[in-house]
Amino acid sequence: GESVGLHLPTLSVQEGDNSIINCAYSNSASDYFIWYKQESGKGPQFIIDIRSNMDKRQGQRVTVLLNKTVKHLSLQIAATQPGDSAVYFCAENRGETSGSRLTFGEGTQLTVNP
Amino acid sequence: KAGVTQTPRYLIKTRGQQVTLSCSPISGHRSVSWYQQTPGQGLQFLFEYFSETQRNKGNFPGRFSGRQFSNSRSEMNVSTLELGDSALYLCASSLWSGDNSPLHFGNGTRLTVT
């Protein structure tokens, strides 16, 4: 079905490096975006979100960038640590219906090498 | 504050049977959503409940149903199970519905249909 796309299914980085995970979306009406981290055997864990009236938001070691012109979303993780190894999903609220309904991308498996 | 709690964690059922999964949202959260996660289709929206009413429904057959109780706890039911229903079923809660507040997920119920 339709989904938010991702550029790379896997990403491997060295511990201490910065990681950038990308996501492309197709719906111009999408007004809310979220990044989730999912570790093996667990549910998705909320990392950071951003509304469409913003282009950047920072959290602890993470930054989300939103480029509405090219419909692109990215998650930057600073000083990546082994504990950051997980699958990362972007998700959007397309605003097609009232309520809270997210459309998820396919996920990027991040592997952090010591 | 306790997170989203889903029970049971694992279930094995036979084709044709039915199953009920349970979800307790974060205290104070009034919206509960259900998602199905499979390797082939990724994370797909099933339905959302708010104030005991179904707010949104995804593209799943009528065999998938749910309900929400006055304390915001939710159950989903799958009748006449098929092999393809094997998946991780995730429940997520949020404070409100449609206000672009983050969804917080439980660790899911792993359903295996044999």
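All values reported here derive from a predicted model rather than from experimental measurement. A note on names: the letters A, B, ... follow the listed sequences, proteins ahead of strands, and every chain is numbered from 1.
A distance-only check finds a donor-acceptor pair linking the side chain of A:R51 to the backbone of B:N100 [under 3.5 Å].
Residues B:V19 and B:V32 fall within the same hydrophobic cluster, defined by Ile, Leu, Val, Met, Phe, Trp and Tyr side chains chained together at heavy-atom separations under 4.5 Å. The hydrophobic clustering, which links ILVMFWY residues whose side-chain heavy atoms are closer than 4.5 Å, places B:L88 and A:V87 together. Cluster annotation: A:I20 and A:L75 are assigned to distinct hydrophobic clusters (Ile/Leu/Val/Met/Phe/Trp/Tyr, side-chain heavy-atom contacts under 4.5 Å, transitive). Hydrophobic clustering (side-chain heavy atoms under 4.5 Å, transitive across Ile, Leu, Val, Met, Phe, Trp, Tyr) groups A:I48 together with A:I21. Note on A:I77: it does not cluster hydrophobically with A:L65, by side-chain heavy-atom contacts below 4.5 Å among ILVMFWY residues.
The 12-atom threshold is exceeded at CG of A:N53, counting heavy atoms of other residues, nucleotides or ligands nearer than 6.0 Å. No more than 12 heavy atoms of other residues, nucleotides or ligands sit less than 6.0 Å from atom NZ of A:K42.
Residues B:Y35 and A:F104 form a side-chain contact, since some pair of their non-hydrogen atoms from C-beta on lies under 4.5 Å apart. The shortest side-chain heavy-atom distance between B:Q37 and A:Q38 falls under the 4.5 Å cut-off. Looking at heavy atoms from C-beta onward, A:F89 lies in side-chain contact with B:L43 at the 4.5 angstrom threshold.
Residues of residues 102-114 of chain B placed with any heavy atom under 4.5 Å of a heavy atom in chain A are listed by number as B:P102, B:L103, B:H104, B:F105, B:G106, B:N107. Within residues 68-83 of chain B, no residue has any heavy atom under 4.5 Å from a heavy atom of chain A.
To the nearest 0.5 Å, atom CD of residue B:E48 and atom CG of residue A:L102 are 9.5 Å apart. Annotation: the span from A:F46 atom CZ to B:S101 atom OG amounts to 9.5 Å, rounded to 0.5 Å.
Nearest heavy-atom pair across A:S100 and B:S33 is O-OG, 3.7 Å. The nearest pair of heavy atoms linking B:L90 to A:P44 is CD1-CD, 3.8 Å.
For B:R30, there are no salt bridge (Lys or Arg N to Asp or Glu O under 4.0 Å) partners, not counting sequence neighbours.
Residue pairs meeting the disulfide (SG to SG under 2.5 Å) criterion with at least one partner in residues 65-114 of chain B, sequence neighbours excluded, are B:C23-B:C91.
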